[in-house]
Amino acid sequence: MKLSIINGPNLNLLGKREPNIYGNESFDVYLDFLKKKYSKINFDYFQSNIEGEIIDQIQKVGFTYDGILLNAAAFTHTSIGIADAIKSISTPVIEIHISNTFSREDFRHKSYISPVSKGLIVGFGFESYRLAVESFITNYK
Ligand code: DQA
């Protein structure tokens with residue numbers, strides 16, 4: 001099984017960025033954990049701070065991968081372009097958030113990604129990614 005993890009803006013700073021919200025661990029360390037725990041899964045990882053690059057990546061993996069784990073970060077709340085990209089591909093997308101966006105500012109309650117995604121996992125810290133992996137494993141044929 002091939003899974004693509006796509007992280008949006010400022011998620012390259014995980015571990016340093018607002019640790020009270022996002023924790024002290026870098027995503028690289030967590031990705032290593034995922035790769036070791038699910039050694040049979042082929043993980044591709046992409047992070048960008050640029051909206052168009054995220055759209056390009058969704059298009060790139062969106063017809064050949066078995067699943068996409070997308071944390072579009074701040075673009076979640078603004079990007080019709082990313083939503084349209086998800087609608088254009090055949091690979092199912094699970095929307096991920098580390099923090100519970102619904103317990104934060106009102107502008108984080110709106111997601112352009114949720115209506116076009118298979119599902120949404122929010123608020124479990126980095127474990128949100130692992131729960132999405134488990135869901136893709138369960139549904140993998
Ligand atoms: C986030 C939540 C977003 O509102 C925020 O802009 C982020 C991270 C999360 O994973 O909790 O950058 O997507």
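Order of listing sets the numbers, starting from 1, for every ligand and every atom in it. All heavy atoms count here, side chains included; hydrogens, waters and symmetry mates do not.
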Using a 6.0 Å cut-off, check whether atom CZ of Phe124 has over 12 heavy atoms from anything other than its own residue.
no

Keeping the roles fixed (side chain from Ser79, backbone from Thr76), state whether a donor-acceptor pair exists under 3.5 Å.
no

Listed by chain and number, what are the salt bridge (Lys or Arg N to Asp or Glu O under 4.0 Å) partners of Glu18, not counting sequence neighbours?
none

Distance filter under 4.0 Å, heavy atoms only, around ligand 1 gives Arg17, Tyr22, Asn71, Ala73, Ala74, His77, His97, Ile98, Ser99, Thr101, Arg108

For Glu53, all residues meeting salt bridge (Lys or Arg N to Asp or Glu O under 4.0 Å), sequence neighbours excluded:
none

Between His109 (side chain only) and Arg104 (backbone N and O only), is there a donor and an acceptor less than 3.5 Å apart?
yes

With sequence neighbours left out, write down each residue that passes side chain to side chain donor-acceptor pair (under 3.5 Å) with Tyr140, or none if nothing qualifies.
none

